[in-house]
Amino acid sequence: MNDSPPPPLPPGSTIGIIGGGQLGRMAALAAARLGYRVHVFTPEPDSPTAQVAAAATVAAYTDAAALGRFAAAVDVVTFEFENVPADSVRLLAAAKPVRPSWRVLEVAQDRLHDKRFFNDGGIATPPWCEVRSLADLQVAVAAIGRPAVLKTTRLGYDGKGQVKILADTDLAEAWRSMGAAADGSAPVGVLEGFVDFAGEVSVIVARGVDGVWAAFDPAWNVHTSHILDTTTIPAPLSPHLAADAVAIAVRCAETLGLVGLLAVEMFVTRDGRILANEMAPRPHNSGHWTIDACLTDQFEQFIRAVCALPLGSTGRHSDAVMKNLIGEDANSWKAILADPSAKLHLYGKAEAHAGRKMGHVTRLTPRKDGGWGHGSAT
Ligand code: AMP
């Protein structure tokens, strides 16, 4: 058996990115800095990624002919979002290396798979129950208690497909609000105990084809209306809890045999425990601060892992607060540009509708601990 890892993909090669949003855009910019070309596959015309990519295929994620042409035009395939149909990934994988693999995407596509994966690996989560009917919901609420959160298992993000079950919430109403699945069938939900958390953290870890990993410092995240508002570095965690958070993310990456980047979002309870919430096998909004505060940012690290290059240092030279610019927030670009501590990032989106991530701003300050971190790595 030949165990040697695949060779690095040389600069000048073409990286295929599935998905055309801001994560793809920032990944394409990082790829360009390393001399790669990016070909994006997205159903969206004039997508944030296509604006900065060498080539774009605009087609549905299920368009087999377009996927075939795309696979022929690229040297490796990756994803900036994970909700890609299995058949499409299979088709791509038959033609070119796909990193991360389908197994990784599959776990991350479904909240139930996520939670089973965490618990099977001995990683604590909020209490949860699978819910496929109103009767299931009634049993689940009786078991878990109120308050709780009912979530759809697939295609939910930024709080979409979530209902809080309070003392007076009518369960029939809550179940109806889940709607139907995309194919018209009954929805599948998961009921989670509501965590009265002290805070939320995330850890982003990269793992290369050779199994070497490198993690960024844990980030402290504040959500408003379920959407990430700010990320603060360093997170106000004890060294012990920070190490635990990193260890959880690394364990997930290793168990998955990940090649690429993994973001794991976690709750910190008031009694000092970490509970895993969800994970995403791609660059993550809570890692945007790394662009301005680290030697190697999450997007470059992602490109390095996908191209089988050695990983870079996750060393952090500054403290940082990243703020998302949602909807009309982005109109304050002039004031942000006038702030000498601020780095502005706009995503090239034309319409600023409510809840839409238009950009972000990272404010840097010298590290209070005077240190020069090296993140965590093997
Ligand atoms: P999610 O889509 O699961 O990442 O949820 C988005 C946000 O909603 C989380 O980052 C939390 O702020 C909040 N949230 C989700 N699930 C829970 C929970 N079980 N308990 C408390 N807050 C939650």
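Each ligand, and each atom within it, is numbered from 1 in the order the structure gives. Just so it is clear, the values below take in all heavy atoms, side chains as well, and ignore hydrogens, waters and symmetry mates.
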Hey, is ligand 1 close enough to V149 that some N/O pair sits below 3.5 Å?
no

Check for me whether A148 has a heavy atom closer than 4.0 Å to any atom of ligand 1.
no

Mind checking whether T57 and R69 have side chains closer than 4.5 Å, heavy atoms only?
no

Determine the interplanar angle of the H288 and H360 rings, folded into 0 to 90°, and report it as parallel if under 30°, tilted if 30 to 60°, perpendicular if over 60°.
tilted

Would Y61 and F81 count as a close aromatic pair, with their ring centres under 6.0 Å?
yes

Atoms in ligand 1 flagged as close to R111, the criterion being non-hydrogen separation under 4.0 Å:
1 (P), 2 (O), 3 (O)

Closest candidate by heavy atom, reference atom 7 (C) of ligand 1, pool E265, K151, H226, K164
H226

Answer yes when R90 and D87 have at least one side-chain N-carboxylate O distance shorter than 4.0 Å, and no when they do not.
yes

Show me which atoms of ligand 1 lie under 4.0 Å from any heavy atom of H223.
10 (O), 12 (O)

Using only atom types and a distance under 3.5 Å, with no angle test, would you say the side chain of T232 pairs donor to acceptor with the backbone of A235?
no

Give the atoms of ligand 1, by number and element, whose distance to some non-hydrogen atom of E200 is under 4.0 Å.
9 (C), 10 (O), 11 (C), 12 (O)

Just to be sure I read this right, does ligand 1 sit under 4.0 Å from the backbone of N277, its side chain, both, or neither, counting only heavy atoms?
side chain

Under 4.0 Å from a heavy atom of V195: which atoms of ligand 1 are those, numbered in the order shown and with their elements?
18 (C), 20 (N), 21 (C)

Verify, without hydrogens or angle tests, whether R282 (side chain) and E82 (backbone) share a donor-acceptor contact under 3.5 angstrom.
no

